[in-house]
*Asks:* 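A single structure is presented below for examination.
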Amino acid sequence: MSSDATTGAALARTLAAHPLMAGLPPAFLLEVEACAAPAEFPEGARLLREGAPAAVAHLLLSGRVALSVDAPGRAPLTFQTVGPGEVVGVSWLVPEACWAWDATALGPVASIALDAVRLRDACEADPALGYALMKRFVPVLLQRLHATRMQVLDVYGDPG
Amino acid sequence: MAIPAERRMVDATTPRPARVLSRRREAEDVWTLAVEAGPQDLDAAPGRFAMLTAFGVGEIPVSYSGDPAAEGRVIHTIRAVGAVSRALAGLEEGAMLGVRGPFGKGWPLAEVEGREVIAVAGGLGLAPVRPAIRRLVARGERPTLVYGARSPAQALFREDLADWRARGVEVEATVDHAGPDWRGHVGVVPPLIARRVRDPARTVAFVCGPEVMMRFAASALLEAGVAAEAIHISMERNMKCAVGLCGHCQFGGDLLCRDGPVAPLARVADRLHVAEL
Ligand SMILES: Cc1cc2nc3c(=O)[nH]c(=O)nc-3n(C[C@H](O)[C@H](O)[C@H](O)COP(=O)(O)OP(=O)(O)OC[C@H]3O[C@@H](n4cnc5c(N)ncnc54)[C@H](O)[C@@H]3O)c2cc1C
Ligand code: FES
């Protein structure tokens with residue numbers, strides 16, 4: 001799937017087929033494509049590293065990625081896994097943001113990497129594009145917020 | 001010969017003694033007991049429940065996590081959360097307990113033939129779902145299971161999950177958090193549901209778990225196009241008499257010991273969000 005994304009036309013097709021970009025008008029797709037590049041990672045590779053500037057987001061095409069935090073004296077704790085059709089990295093929406101966790105490939109991973117700085121600039125220059133992307137990324141944030149709430153509530157925990 | 005009504009009532013309200021045949025640990029605070037079966041237990045269809053007595057401590061409702069008709073013994077999986085469940089979960093092989101039941105309505109297995117079944121279970125909610133999946137698999141069907149647990153160590157019935165996978169059941173297990181050794185999903189159950197509903201008009205869902213999880217799972221199923229009439233949830237509110245007399249289990253217009261615990265979402269949805277119920 002990823003090798004198919006290496007030519008310009010194939011990248012455009014792959015981008016348009018990603019669920020997060022579904023229904024995005026062709027002109028906007030072109031603007032996003034200008035910030036996009038195919039990427040591949042072997043098992044165990046870090047896609048994002050905690051504390052690093054949020055300079056890239058990954059639209060996953062294949063493989064799965066673990067989002068985890070490191071804590072001193074214990075193994076990294078994974079709080080979410082994401083797979084094909086999903087996105088790794090939503091902090092890019094906020095200028096100057098840094099990643100709050102690590103993202104590690106659980107096997108071979110292929111993605112479309114979005115250059116966050118260029119994408120933010122493009123959104124700044126074209127608010128209609130910005131709003132269209134907002135409508136795609138905010139539901140992801142909401143879904144993660146709901147999920148986090150359920151995890152914090154510890155619904156499977158001791159009922160007492 | 002028909003049993004007179006008053007005799008049946010006495011039978012249903014009087015615990016009968018039964019012996020623990022074996023006990024095994026499923027997770028840190030969860031134990032499975034195999035209990036000798038009586039003739040009544042042949043009616044213990046998946047999703048129904050028994051009232052179990054720890055003598056001198058008390059009585060609680062517990063689902064059947066096995067299928068007595070197929071296995072010749074009764075299986076209950078109990079999480080030790082309070083006085084009675086702790087006493088029951090601690091019963092060793094040979095110990096006696098009191099049993100009443102089976103009670104209530106279980107999963108509508110007869111009605112789902114030829115439909116696509118997706119079972120959504122959270123935590124101990126897999127216990128009453130397990131015999132339903134076993135029956136579906138035994139009759140050649142291939143249900144889908146989405147199962148959520150707190151952590152890999154808390155995931156129940158791992159042998160069944162492996163066996164079902166080997167028999168072509170799509171099993172998606174997810175945990176709230178995990179260490180680096182876990183290769184499955186991490187995250188909550190609802191986002192995993194949509195992609196597993198392939199033909200919403202033909203899909204029937206069985207949902208059992210903590211109520212918060214069930215509400216979110218039901219929303220995800222509805223969003224995926226499954227009809228509220230085809231979503232069956234197990235409402236495990238507490239029971240006392242279990243025979244429709246005391247009103248302890250009243251949930252709006254239903255007595256869940258008699259009209260549930262399994263009920264179609266269409267019937268209970270409006271009450272799920274009423275804080276007083
Ligand atoms: C139809 C039905 C089927 C059930 N099946 C099983 C089963 O297969 N295995 C199992 O371990 N448990 C099952 N339960 C739950 C079980 O009945 C309770 O855990 C038990 O009543 C607790 O009693 P206790 O004396 O041990 O603890 P208590 O001291 O009465 O309660 C301890 C804690 O558990 C909470 N609690 C009590 N009942 C419930 C409940 N129904 N749901 C969630 N939290 C509760 C209490 O609020 C309290 O915080 C089922 C309940 C119902 C209604
Ligand atoms: S438990 Fe008594 S009426 Fe249901």
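Note on naming: letters A, B, ... go to the chains in the order of the sequence lines (proteins, then strands), and numbering restarts at 1 for each one.
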*Asks:* Tell me whether B:Asp160 is salt-bridged to B:Arg134, with the criterion being a basic N under 4.0 Å from an acidic carboxylate O.
*Replies:*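 Salt bridge flag = yes for B:Arg134 with B:Asp160.
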
*Asks:* With a 4.5 Å heavy-atom cut-off (strictly below), which parts of residues 217-225 of chain B touch chain A? List them by number.
*Replies:*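 So far as heavy atoms go, nothing in residues 217-225 of chain B approaches chain A to under 4.5 Å.
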
*Asks:* Can a donor-acceptor pair be found between the side chains of A:Thr78 and A:Ser68 at a distance below 3.5 Å?
*Replies:*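 Checked: A:Thr78/A:Ser68 side chains show no N/O donor-acceptor pair below 3.5 Å.
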
*Asks:* Tell me the closest heavy-atom pair linking B:Val169 and B:Pro143, and the distance in Å.
*Replies:*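 Where B:Val169 meets B:Pro143 most closely, the heavy atoms are CG1-O, 3.1 Å.
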
*Asks:* Do you know which of A:Pro76, A:Ala66, A:Ala75 has the most heavy-atom pairs under 4.5 Å to chain B?
*Replies:*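 Heavy-atom pair counts peak at A:Pro76.
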
*Asks:* Determine whether a donor-acceptor pair (N or O, by modelled atom type, separation under 3.5 Å) exists between the side chain of A:Thr81 and the backbone of B:Val186.
*Replies:*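 Checking the backbone N and O of B:Val186 against the side chain of A:Thr81, a donor-acceptor pair under 3.5 Å is found.
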
*Asks:* Quick one: do the B:His185 and B:Thr174 side chains pair a donor with an acceptor below 3.5 Å?
*Replies:*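 The criterion, which ignores hydrogens and geometry beyond distance, is not satisfied for B:Thr174 and B:His185.
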
*Asks:* Would you mind reporting whether A:Leu59 and A:Met21 have side-chain heavy atoms less than 4.5 Å apart?
*Replies:*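 The answer is yes; the side chains approach within 4.5 Å.
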
*Asks:* At a 4.5 Å cut-off on heavy atoms, which part of A:Gln143 comes close to chain B: side chain, backbone, both, or neither?
*Replies:*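 For A:Gln143, side-chain heavy atoms alone lie under 4.5 Å from chain B.
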
*Asks:* Using a 4.5 Å heavy-atom cutoff, which residues in residues 115-137 of chain A come close to chain B?
*Replies:*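 So no residue qualifies.
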
*Asks:* Under 4.0 Å between a Lys/Arg side-chain N and an Asp/Glu carboxylate O for B:Glu59 and B:Arg100?
*Replies:*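 Result for this pair is yes, salt bridge flagged.
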
*Asks:* Can you check whether A:Leu11 reaches A:Glu33 side chain to side chain, under 4.5 Å on heavy atoms?
*Replies:*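 Side-chain contact under 4.5 Å: yes.
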
*Asks:* Is chain A contacted by the side chain of B:Arg183, its backbone, both, or neither, given a heavy-atom distance below 4.5 Å?
*Replies:*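 For B:Arg183, backbone and side chain are both near chain A.
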
*Asks:* Regarding B:Arg130 and the six-membered ring of B:Phe157, is the cationic atom NZ or CZ under 6.0 Å from the ring centre and inside 45° of its axis?
*Replies:*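 Yes, a cation-pi geometry.
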
*Asks:* Between A:Asp102 and A:Arg49, does at least one N-O distance fall below 4.0 Å, as a salt bridge requires?
*Replies:*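 Looking at A:Asp102 and A:Arg49, the cut-off is not met.
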
*Asks:* Salt bridge check, B:Glu172 against B:Arg196: does any charged N sit closer than 4.0 Å to a carboxylate O?
*Replies:*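 Salt bridge: yes.
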
*Asks:* With only heavy atoms counted, which part of A:Arg144 is less than 4.5 Å from chain B, the side chain, the backbone, both or neither?
*Replies:*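 When you check distances to chain B, no heavy atom of A:Arg144 falls under 4.5 Å.
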
*Asks:* Counting heavy-atom pairs under 4.5 Å with chain A, which one of B:Pro191, B:Gly179, B:Ser151 comes out on top?
*Replies:*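 Heavy-atom pair counts peak at B:Pro191.
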
*Asks:* Run the salt-bridge test on B:Arg165 and B:Glu170 with the 4.0 Å N-O cut-off and return the result as yes or no.
*Replies:*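 No.
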
*Asks:* Taking every non-hydrogen pair under 4.5 Å, which of B:Gly209, B:Pro180, B:Gly82 racks up the most with chain A?
*Replies:*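 Result: the option with the highest number of such pairs is B:Pro180.
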
